[in-house]
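Note that the coordinates shown come from a computational prediction; the quantities given were computed from them, not determined experimentally.
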Amino acid sequence: MSDIHLCASSVTSPPRRKQAPSSSKIPLTFSYLPSDDGTDENIIILLHGLGDSHIPFAKLGRSLNLPQTAVLALRAPEQIPYLYEQAFQWYSSFDPLGDIIDHPNPTPALEVMAKLLNHLTTDCTWPPNRIHLFGFGQGGSVAVESSLAWWKRELTRTKTKSKIEEVNEGDEDSRAPSKNEDVQLEVLRPLGSVVSISGLLLSYPTLDTPCLTPLLIFHRASLAKGVFTSFSKGFTRVQEVVKSGGQGEESMPRSKDEWEPVMRFWSEVLGRRMGDGLYKVMSGTA
């Protein structure tokens, strides 16, 4: 008589809880909230706008209550000069006379974000495709630019790896690598997604291979013509959401109706952990 029973698979699942970010590795003030449901499958990084701080965005992250998603709300590195309240900026935005800088330099913010992403992917073991960015205004610009900067580093990394592998193969065998081998050598790791609320690109992308990270742009029809085209030059998948209101000023989504396309976008891009227990069906003869 044949017996059938289940045997636990030797495949080990990653832990449900990820290591919390370390303040010694991130040169920013931040608030970290693990997922309410006990499973940290995704992490969403929240970047506030000009003149704000991370505190309201940490509250926002908690209220969103996204499934299996931890929240990391960041405070911008620079305090706006001559203001007494806690108002911060991601990069210098005003000249000595207090006028807005037309062409700001976001490089310091992008360098900080690069350190953060490296810490999350190496020390905290977050897969890049489970890291999602959300930013408003200036924070949205930093989110988009950081995603492109990550992608450029990925392109450089994979090309360098391919060249090293080709040299090593050439020493052992003069044959050229096949197409399948090329694909294996060049595994690109885009970030999970970006949502920019009224945040513009500060650069003009010139990429041979556009970024594979899905991007959603939310704004109130006050963005200049041609802006959407620049996003399409940098990303393969761009979704635009235009809402009325705001009296000519850009603002965060204000209602359930305005949040709906953002939540629907997240439902498409956020990862989902189905279960830890993998079993094999074993049969035997009694």
Carefully, step by step, assess I43 and Y32 under the rule side-chain contact (heavy atoms from CB on, under 4.5 Å).
CA-CA 10 Å; I43 183 169; Y32 177 72; 3.9 Å; yes
Apply the side chain to side chain contact (heavy atoms under 4.5 Å, CB included) test between F218 and each candidate in Q239, K243, E240; give the one that qualifies.
K243
To the nearest 0.5 Å, what is the distance between [atom1] on [X] and [atom2] on [Y]?
{"X": "Q138", "Y": "S198", "atom1": "CD", "atom2": "OG", "value": "13.0 Å"}
{"X": "L74", "Y": "L46", "atom1": "CG", "atom2": "CG", "value": "8.0 Å"}
{"X": "L270", "Y": "N129", "atom1": "CG", "atom2": "CG", "value": "11.0 Å"}
{"X": "H54", "Y": "L47", "atom1": "NE2", "atom2": "CG", "value": "12.5 Å"}
{"X": "L64", "Y": "D36", "atom1": "CG", "atom2": "CG", "value": "11.0 Å"}
{"X": "L66", "Y": "W266", "atom1": "CG", "atom2": "CH2", "value": "5.5 Å"}

Using the rule that two of Ile, Leu, Val, Met, Phe, Trp, Tyr join whenever any of their side-chain heavy atoms come within less than 4.5 Å, decide whether [X] and [Y] are in one cluster.
{"X": "V71", "Y": "V194", "answer": "no"}
{"X": "F136", "Y": "I80", "answer": "no"}
{"X": "F231", "Y": "I197", "answer": "no"}
{"X": "L133", "Y": "V238", "answer": "yes"}
{"X": "V144", "Y": "L212", "answer": "yes"}

Kindly determine whether V269 and N42 satisfy side-chain contact (heavy atoms from CB on, under 4.5 Å), including the steps that lead there.
CA-CA 10 Å; V269 298; N42 310 279; over 6 Å; no
Looking at every non-hydrogen atom in both residues, tell me the closest pair between S230 and L201 and how far apart they are.
O-CD1, 3.6 Å
For the pair R220 and E258, find out whether any cationic side-chain nitrogen is under 4.0 Å from an anionic carboxylate oxygen.
yes
Is R272 paired with E41 through a side-chain N to carboxylate O contact shorter than 4.0 Å?
no
Could you check K233 against F235 for side-chain contact (heavy atoms from CB on, under 4.5 Å), going step by step and ending with a plain yes or no?
CA-CA 6 Å; K233 291 285 187 181; F235 294 85; over 6 Å; no
Could you tell me whether the side chain of [X] and the main chain of [Y] form a donor-acceptor pair under 3.5 Å?
{"X": "T69", "Y": "P67", "result": "yes"}
{"X": "W150", "Y": "R189", "result": "yes"}
{"X": "S93", "Y": "Y91", "result": "yes"}
{"X": "E145", "Y": "L110", "result": "no"}
{"X": "S147", "Y": "A143", "result": "no"}

R62 atom CZ: more than 12 heavy-atom contacts under 6.0 Å
no
Measure the acute angle between the ring planes of F57 and H48, then classify it against the limits of 30° and 60° as parallel, tilted or perpendicular.
perpendicular
Sequence neighbours excluded - side-chain hydrogen bond (donor to acceptor under 3.5 Å, both in side chains) pairs with any residue from residues 106-120
N105-T107, H119-D123
side-chain contact (heavy atoms from CB on, under 4.5 Å) for T29 and F88? Distances and angles first, verdict last.
CA-CA 11 Å; T29 298; F88 296 86; over 6 Å; no
Which residues satisfy the side-chain hydrogen bond (donor to acceptor under 3.5 Å, both in side chains) test with S35, sequence neighbours excluded?
D37
